[in-house]
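Notes follow once the structure below has been shown.
Per chain, numbering begins at 1; letters A, B, ... match sequence-line order.
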There are 2 protein chains.
Amino acid sequence: MVTRRFDPERRDRIIDAALDVIAAQGVAGASHRRIAEHAGVPLGSMTYHFAGMDELLTEAFRRFGDSIADRFDEQLAGAADIDGARRAVVDLIHLDLLDSQRDLVLTHELYTLAARKPAFRQITRDWMARSRRALGLHFDPGTCRMLDALIEGLFIHAALDTEPHDRSITVEAVARITTPLNHSEHATLEVATT
Amino acid sequence: MVTRRFDPERRDRIIDAALDVIAAQGVAGASHRRIAEHAGVPLGSMTYHFAGMDELLTEAFRRFGDSIADRFDEQLAGAADIDGARRAVVDLIHLDLLDSQRDLVLTHELYTLAARKPAFRQITRDWMARSRRALGLHFDPGTCRMLDALIEGLFIHAALDTEPHDRSITVEAVARITTPLNHSEHATLEVATT
DNA sequence: CGGTCATGCGTACGATCGTACACATCCTTG
DNA sequence: CAAGGATGTGTACGATCGTACGCATGACCG
């Protein structure tokens, strides 16, 4: 039997507080006590509303992933053609994502968690699937995977770079990765590695 | 005054043990006690050889970053031309990196640490600088940044994907990102976002 | 009105942590 | 050989952690 849960408004507050604490202190620093204090609820509420830390982390990161994916969907659904989609991608990276250190940190925390504990990989998988579905409105499946990886890399590096982010690099990179090569260019690469 | 340090062989053992423990349990689970036990040294040695956890983490991750960058240098220095360089990049991703869950996990741990604590960013910056220098033997600076980000993204996603990794996607992505666009393709993208 | 049970919380327990510091051991020097 | 500094370790302290669990509270029903 699972622990009963009520007062969903309080549950929500706890989840939001958990994300705040994780963003500020990391998963490692996200203790029941700190989250409870930040949410303004007693410590006992933690174990009452959530069976354990893992359940709370799962719900928190799922909420976070959804919020990012929502922005993805929103931006890309509004693009009229493939160039619009390219611009939408660049904007996603530069307007929504890079400017928010909070999102960057939370993303890293989630990825680290997922890399170590397979139980959390479903969250990242669902998130990536949503991203690719959104990209799939405008690009072929292979391009989606490449573009998705590129976005990830640009995003990740942005968290670690100290210099201001260079938009023109992003524009060029998105353009290249979404532009299929013609045959003559391809030929030089088909040689297998020994 | 800084704590004195001797017996560098023991120091080395501790650093290696730290990386093992971090790979297995994460930075959060890397306690002095666990590392000491894994290294076969007494707990007191920890504070004797390292001023604190941060110093140990710094040295450990620096060693890790160097080992990865060494592989980068090695592979890319051996490439004769630009196509060889492209193949070297693909090989780096598929042979050296993706196959090692340990490296993936350690990379995530380092990035998460660096994203939160600026003191650790020097490590990632130096590492990225070395990567880009190695890439710079064959590609122009802008391409280096794009390619570096792409490699990062492919690498990151590899840690989270459950399906086996598709080499042909990597080949195609590397080819695209390293192939400058011609002028007519460019024109469609120069329109600024409103 | 009184009983009962769902709902929610305060507190205390055992485990683990980083670190300080007194102490042991050994090596050099006189 | 004696002395004393250099090198290294065992242990104990205070803080923090997750979680279990007994108790408070109030709504609902007979």
Side-chain angles (χ1 to χ4, degrees), chain A residues 1-62 109-110 112-113 116-117 119-120, chain B residues 1-62 109-110 112-113 116-117 119-120:
Chain A
M1 170 148 74
V2 188
T3 313
R4 303 302 176 84
R5 300 180 199 90
F6 296 87
D7 195 343
E9 182 271 341
R10 167 152 299 195
R11 247 179 93 79
D12 275 1
R13 272 235 311 283
I14 293 174
I15 293 174
D16 287 338
L19 284 175
D20 284 345
V21 172
I22 292 167
Q25 322 263 354
V27 169
S31 67
H32 279 163
R33 284 170 176 79
R34 261 201 274 262
I35 295 169
E37 190 184 17
H38 193 273
V41 304
L43 172 61
S45 278
M46 294 293 121
T47 48
Y48 180 72
H49 286 281
F50 300 91
M53 202 68 223
D54 276 8
E55 181 174 320
L56 175 52
L57 288 178
T58 300
E59 299 223 21
F61 277 123
R62 200 165 277 286
E109 293 286 345
L110 171 57
T112 300
L113 200 60
R116 173 170 327 288
K117 300 194 185 178
F120 289 92
Chain B
M1 169 144 82
V2 186
T3 313
R4 303 301 174 87
R5 302 181 198 91
F6 297 86
D7 196 344
E9 183 270 343
R10 167 154 296 198
R11 246 180 95 78
D12 274 0
R13 273 234 310 284
I14 293 173
I15 293 174
D16 286 338
L19 283 175
D20 284 345
V21 172
I22 292 167
Q25 322 262 353
V27 170
S31 67
H32 279 164
R33 282 168 177 81
R34 260 201 274 262
I35 294 169
E37 191 185 17
H38 192 275
V41 303
L43 172 61
S45 278
M46 294 292 122
T47 49
Y48 180 72
H49 286 281
F50 300 91
M53 202 67 223
D54 276 9
E55 182 175 320
L56 176 51
L57 288 178
T58 300
E59 300 223 20
F61 277 125
R62 200 166 277 285
E109 293 286 345
L110 170 57
T112 301
L113 199 60
R116 173 170 327 288
K117 299 193 187 179
F120 289 92

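- Under the 3.5 Å distance criterion, the side-chain polar atoms of E55(B) are left unmatched by any main-chain donor or acceptor of F50(B).
- Contact check, R10(B) against dT9(D): a side-chain N or O comes under 4.0 Å of OP1 or OP2.
- For the pair Y48(A) and dC9(C), the criterion of a side-chain N or O lying under 4.0 Å from OP1 or OP2 is not met.
- Considering only residues two or more places apart in sequence or on other chains, D54(B) meets the side chain to side chain donor-acceptor pair (under 3.5 Å) condition with none of them.
- Atom CD in E37(B) sits roughly 16 Å away from atom P in dT9(D) (whole-Å rounding).
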Pairs under 3.5 Å (N/O, protein and nucleotides 16-20 of chain D):
from	atom 1	to	atom 2	distance (Å)
dC17(D)	OP1	S31(A)	OG	3.1
dC17(D)	OP1	R34(A)	NH2	3.4
dG18(D)	OP1	H32(A)	N	3.4
dG18(D)	OP2	H32(A)	N	2.9
dG18(D)	N7	R33(A)	NH1	2.6
dG18(D)	O6	R33(A)	NH2	2.8

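- Listed by first and then second residue, the salt bridge (Lys or Arg N to Asp or Glu O under 4.0 Å) pairs that reach into residues 23-42 of chain B come to none, sequence neighbours excluded.
- Put simply, CD1 on I14(B) and NE2 on H49(B) are 5.0 Å apart, with the number rounded to the nearest 0.5 Å.
- Applying the side chain to side chain donor-acceptor pair (under 3.5 Å) test to residues at least two apart or on different chains, the pairs with a partner in residues 14-28 of chain B are D16(B)-R63(B), D20(B)-R102(B).
- Between the P atom of dG8(D) and the CD atom of E9(B) lies a distance of 11 Å, rounded to the nearest Å.
- Rounded to the nearest 0.5 Å, atoms CZ (F120(A)) and CG (L57(A)) are 5.0 Å apart.
- We find that CD1 of I14(B) is positioned 12 Å from C1' of dT9(D), with the value rounded to whole Å.
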